[in-house]
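Worksheet for the structure shown next.
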Amino acid sequence: MNQTWRKLGLLYCPAGDNRHPKLLTHAANPLPVLIGGDVYRIFFSGRDAQNRSSVGAVDIDIVRRTLIYEHEQPIFTHGPAGSFYADGVSIGNCYTANGVRYMLFMGWQTPQHSHWRGDIGQLTVHPDGSLSLANPAPLFTANHLDPLSFSYPWVHQHPDGSYRMWYGSTQTWDAGNGEMLHVINTAASPDGQHWQREGLAIPYALGIAQAFSRPTAIQAADGSYRMWFSYRSGTGTSYRIGHATSPDGHHWQLALDTAGIDVSDSGWDADMIEYPFVFTHQSQTYMLYNGNGYGKSGFGLAVLES
């Protein structure tokens, strides 16, 4: 399928003096929640001076592409020392189960004498837009399918009410070319709470696409799926946004050449593009995404034209 994402420009980048110390820099992993009309509350992961990420938010009119309100206080902060999210919270997406809206996230740990790692956590999204920890423990623990570390979950609810999750899983920190092998695995749930892990979802190729992050998937009317994600090749190239297709959400094929979006010639997204979030508003399909510096240059918007 031929498709092109037409870039609409930078939407938001943290700037100015007297910023909250937990939201000094970065606006990574943008996650939109519709407030009303064309206005979305876009949650993001901002950082403090120690590079620990917490959740901030801005309200943006997605059609006019104007900032309505910037929330000065963090919506949710990283956890205390020793917790599974002590060194950061990188958000995935929202879903509703049993009448409760949840937001999944990657919780960061950076132990002093060992490699950083991540776990998947769950937040409750309250009606007033506040966030609280739904469970003090991670959703998953390491096993033979997920031996090392987790990242960036995305949950999709099927028409029959069941759920599917795609998430990042580190198989090795070095696949032999100096880059980790971090794949997109999948899990299924009848209720959005109890998950059965099923292993690899998206094919990988060493030296081409081997370090994946932040999957975002949509289902078409015919039941087929498209997924976008960020990835590194293992050849030293910075993040790019990739693409995969599936007839049923189970069997996937890499389609990197049809991602429809790449780095710009200059500006805030010229060095790298990553952490996409695809959503539909008023019959238009949009993508929020980050650019240079893993979100340090803010997030922008693109619209799908095919």
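In this chain, residues are counted from 1 in sequence order. Here the structure is a predicted model, which means the values were calculated and not measured.
No side-chain N or O of D61 forms a donor-acceptor pair with one of T66 less than 3.5 Å apart. Looking at Q219 and R226, their side chains never bring a donor and an acceptor atom within 3.5 Å of each other. With 3.5 Å as the limit, one finds no donor-acceptor pair spanning the side chains of S297 and N292. Using modelled atom types, one finds no donor on one side chain facing an acceptor on the other under 3.5 Å when comparing N143 with T141. At a cut-off of 3.5 Å, with distance as the only test, no side-chain donor of D146 or Q171 sits close to an acceptor on the other residue.
Remark: aromatic rings of Y225 and H156 are close, center separation under 6.0 Å. Close placement of the Y275 and Y152 rings is indicated, their centers lying within 6.0 Å of each other.
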Exercise. Yes or no on side-chain contact (heavy atoms from CB on, under 4.5 Å) for R65 and L8, after CA distance, side-chain angles and deciding distance?
Worked result: CA-CA 9 Å; R65 303 194 295 280; L8 301 176; 3.7 Å; yes
Exercise. Step by step, would you call V125 with C94 a side-chain contact (heavy atoms from CB on, under 4.5 Å)?
Worked result: CA-CA 8 Å; V125 185; C94 293; 4.2 Å; yes
Exercise. Please walk me through it: do Y85 and L133 pass side-chain contact (heavy atoms from CB on, under 4.5 Å)?
Worked result: CA-CA 11 Å; Y85 60 108; L133 195 66; 3.5 Å; yes
For this session: Take S90 and S53 through the side-chain contact (heavy atoms from CB on, under 4.5 Å) test and state the conclusion after the steps.
Result: CA-CA 7 Å; S90 293; S53 53; 4.2 Å; yes
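D262 pairs by the salt bridge (Lys or Arg N to Asp or Glu O under 4.0 Å) definition with R240, not counting sequence neighbours. Every residue two or more places apart in sequence or in another chain that forms a side-chain hydrogen bond (donor to acceptor under 3.5 Å, both in side chains) with S151 is listed here: H182. With sequence neighbours left out, F279 forms a ring pair (Phe, Tyr, Trp, His ring centres under 6.0 Å) with Y40, Y286. For D222, the side-chain hydrogen bond (donor to acceptor under 3.5 Å, both in side chains) partners at least two apart in sequence or on another chain are S224. Looking at residues two or more places apart in sequence or on another chain, you find a side-chain hydrogen bond (donor to acceptor under 3.5 Å, both in side chains) between S130 and D128. In this structure, the side-chain hydrogen bond (donor to acceptor under 3.5 Å, both in side chains) partners of S213, at least two apart in sequence or on a different chain, are S230, Y239. Listed by chain and residue number, E70 satisfy the salt bridge (Lys or Arg N to Asp or Glu O under 4.0 Å) test with R19 (two or more places apart in sequence, or in another chain).
The stretch residues 286-306 participates, sequence neighbours left out, in these salt bridge (Lys or Arg N to Asp or Glu O under 4.0 Å) pairs: R6-E305. Residue pairs meeting the salt bridge (Lys or Arg N to Asp or Glu O under 4.0 Å) criterion with at least one member in residues 92-117, sequence neighbours excluded, are R117-D119.
Residue F277 forms a ring-ring contact (aromatic ring centres under 6.0 Å, His included) with just one option from F44, W154, F43, and that option is W154.
In this structure, R164 pairs ionically with E198, as a charged nitrogen and a carboxylate oxygen lie closer than 4.0 Å. Salt-bridge formation is not detected for the pair D38/R64: no Lys NZ or Arg NE/NH1/NH2 atom is positioned less than 4.0 Å from an Asp or Glu carboxylate oxygen. A salt bridge is defined here as a Lys NZ or Arg NE, NH1 or NH2 lying under 4.0 Å from an Asp or Glu carboxylate O, and E179 with R232 meets this definition.
Hydrophobic cluster membership is shared by L148 and W108, with clusters built from Ile, Leu, Val, Met, Phe, Trp and Tyr side chains linked at under 4.5 angstrom.
Hydrophobic clustering, defined by side-chain heavy atoms of Ile, Leu, Val, Met, Phe, Trp and Tyr closer than 4.5 Å, groups V278 together with W5, L10, I218, W228, I241, I261, V263, W268, I273, M287, Y289, L304. Members clustered with L145: none, using a 4.5 Å side-chain heavy-atom cutoff among hydrophobic residues.
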Quick one: side chains of residues 21-35, donor-acceptor pairs under 3.5 Å with protein atoms, not counting sequence neighbours, listed by atom name and distance.
unit_1 : atom_1 : unit_2 : atom_2 : d
K22    : NZ     : D48    : OD2    : 3.3
K22    : NZ     : H78    : NE2    : 2.8
H26    : NE2    : G293   : O      : 3.2

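Under the 3.5 Å distance criterion, the side-chain polar atoms of N185 are left unmatched by any main-chain donor or acceptor of Y167.
In this structure, Y102 and Y95 have tilted ring planes: the angle between them lies in the 30° to 60° band.
Annotation: cation-pi pair R197/F140 present, NZ/CZ under 6.0 Å from the ring centroid and within 45° of its normal.
Other residues, nucleotides and ligands place no more than 12 heavy atoms under 6.0 Å from the CG atom of D265.
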